[in-house]
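Scroll down for the structure; my scribbles are underneath it.
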Amino acid sequence: MPELAPIVNAWFERNARPLPWRAPGFGAWGVLVSEFMLQQTPVERVVPRLQEWLERWPTPADLAAAPPADAVRLWANLGYPRRALWLHRAAVEIRDRHDGRVPRDVDALLALTGVGDYTARAVAVFAYGDHHPVVDTNTRRVLARAVDGRAQPGPPARRDLAAMALQLPAEHDAAARFNAAAMELGAVVCTARAPRCDACPLAAVCAWRNAGYPDTGDTRRRQARYEGSDRQARGAVLRVLREAPEHAAALDQVVPDWPDPRQRDRAIDSLIADGLAEASGGMLRLPR
DNA sequence: AACTCGTGGTT
DNA sequence: TAACCAAGAGT
């Protein structure tokens, strides 16, 4: 197996999409916000919201000074609205513990609310140029196919970080580029469903392709059904709160015709427990 | 370790 | 059309 990084980096140099967070001088705060938004939300849907967010809150302190409700509202339909709440908490933590500057140290980043293995290293690498493996679902799929000869990656595991570390060039800039390049390759060429091997720079060396595309099985956990789920009910409740005049709605007017009233009540209770809603005087509102 | 947590486009 | 998929994290 030849070194992958020089091959993928050469491809990336000519094929990288001009995404906002790749612009020179985009800033660590912008990178952090983008990574929060990109957790399980497609790139095309993130771009316009990211711009709005950074115009409104150019620094962590700006966001920390706003009520969480504003963050949840501007999050709009990006999905998983708890991320908006967590990003707000992270901004408070950055203001209070890091003098308002996004930390560079991976352990300090990991200590922020809503920042895990992926986001912490993504910030350290893409915002600060440090030398760490950044592993997202795209990178895991590229390595599973090109290196391990598997059709699909297994469930996320800590050893993924070690596997990526083995592929990183020693030089920091090249390593940072390879982290981004592997993600890009997985996002636009080595895709989950219909990989475009004819356009892949790794086609000649890919273990999965060279083995004749064997069906190696798929051990990934299947996604739960959304229709009729608690998540759907929560989403409906929160949409009402986001769009409510004065940001509050009478409790008995929150999705009153939901098919399962007990599920509706359960959704409201869980949103309150998560800090995404507050109840008082028969009214439900976003958190202040 | 398995489960939960949104939303919308694609197949 | 039901299922799949999308720069994950917390519990």
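To find a chain, count down the sequence lines: A is the first, B the second, and so on, and within it residues start at 1. No hydrogens, no waters, no symmetry mates; every other heavy atom, side chains included, goes into these values.
Aromatic ring pairs are classed by plane angle as parallel below 30°, tilted from 30° to 60° and perpendicular above 60°; the pair A/H172 and A/H131 is tilted.
Among B/dC5, C/dC5, B/dT7, the nucleotide with an atom closest to any side-chain atom of A/R193 is C/dC5. With C/dC5, B/dC5, C/dA9 as the candidates, the nucleotide lying closest to the side chain of A/T119 is C/dA9. Closest to the side chain of A/R222, out of B/dC5, C/dA3, C/dC5, is C/dA3. Of the listed nucleotides (C/dA6, C/dA9, B/dG6), B/dG6 has the atom at the smallest distance from the side chain of A/Y226. Relative to the side chain of A/A192, the nucleotides C/dC5, B/dT7, C/dA7 differ in distance, and C/dC5 lies closest. When distances are taken from the side chain of A/Y118 to each of C/dG8, C/dA3, B/dC5, the shortest belongs to C/dG8. Distances were taken from every side-chain heavy atom of A/T137 (C-beta onward) to each of C/dG8, B/dG8, B/dT4; the shortest belongs to C/dG8.
Side chains of A/R145 and A/Y213: no donor on one and acceptor on the other come within 3.5 Å. Looking only at atom types and distance, the side chain of A/E184 has no donor-acceptor partner in the side chain of A/N15 under 3.5 Å away. Residues A/S280 and A/R285 have side chains that never bring a donor and an acceptor to within less than 3.5 angstrom of each other. Between the side chains of A/Y118 and A/Q39, not a single donor N or O lies within less than 3.5 Å of an accepting N or O. Side-chain atoms of A/R196 and A/T191 form no donor-acceptor pair, as typed in the model, at a separation below 3.5 Å.
Note on A/R121: nothing from the nucleic acid sits closer than 4.0 angstrom, heavy atoms only. A/L19 comes within contact range of at least one nucleobase, with a heavy-atom separation under 4.0 Å. Base contact: A/W21 has a heavy atom under 4.0 Å from a base atom. Among the heavy atoms of the strands lying under 4.0 Å from A/V115 are primed sugar atoms or P, OP1, OP2 only; no base atom is included. Residue contacts shown for A/R140 are absent, as no nucleic acid heavy atom lies under 4.0 Å away. Looking at heavy-atom distances under 4.0 Å, A/G79 makes contact with a base. Among the heavy atoms of the strands lying under 4.0 Å from A/L78 is at least one base atom, whether or not backbone atoms are also near. Contacts of A/R22 with the nucleic acid, taken as non-hydrogen atoms under 4.0 Å apart, include base atoms.
In this structure, CG of A/L85 is placed 13 Å from P of C/dG10, rounded to the nearest angstrom. When the C1' atom of C/dG8 is taken as reference, atom CG of A/L112 falls 15 Å away, rounded to whole Å. One can place CD of A/Q223 at 14 Å from P of B/dG8, the figure rounded to the nearest angstrom. One can place CG of A/D269 at 17 Å from C1' of B/dT4, the figure rounded to the nearest angstrom. As a whole-Å value, the separation of A/D274 CG from C/dA9 P is 18 Å. Rounding to whole angstrom units, CZ of residue A/R89 and P of C/dA9 are separated by 16 Å. Between A/D218 atom CG and C/dA3 atom C1' there is a gap of 13 Å when expressed in whole angstrom units. Whole-Å rounding puts the A/R220 CZ to C/dG8 P distance at 12 Å.
Under 3.5 Å, the side chain of A/R234 and the base of B/dT7 form no donor-acceptor pair of N or O atoms.
Phosphate contact (OP1/OP2 of C/dA3, side-chain N/O of A/R225, threshold under 4.0 Å): present. Taking only side-chain nitrogens and oxygens, A/N138 comes nearer than 4.0 Å to OP1 or OP2 of C/dA7. For the OP1/OP2 pair of B/dG8 and a distance below 4.0 Å, the side-chain nitrogens and oxygens of A/N77 include at least one atom meeting the criterion.
Between A/W29 and A/R101 there is no side-chain heavy-atom pair separated by less than 4.5 Å.
Under a 4.0 Å N-O distance rule, the pair A/D260/A/R266 does not qualify as a salt bridge.
Looking at which nucleotide of DNA chain B each of A/R239 and A/A224 is closest to, the 5′-most match is held by A/A224.
Distance noted for atom C1' between C/dA6 and B/dA1: 23 Å (whole Å). Taking atom P in both C/dA7 and B/dT11, one finds a spacing of 15 Å when rounded to whole Å. C/dT11 and B/dG6: their P atoms are spaced 14 Å apart (whole Å).
Less than 4.0 Å separates DNA chain C from at least one heavy atom of each of the following residues of residues 32-58 of chain A: A/E35, A/L38, A/Q39, A/Q40, A/P42.
In the hydrophobic clustering of ILVMFWY residues, with side-chain heavy atoms under 4.5 Å counting as a link, A/F12 and A/M183 come out apart.
The heavy-atom pair separating A/A233 from A/W258 by the smallest distance is CA-CZ2, 3.4 Å.
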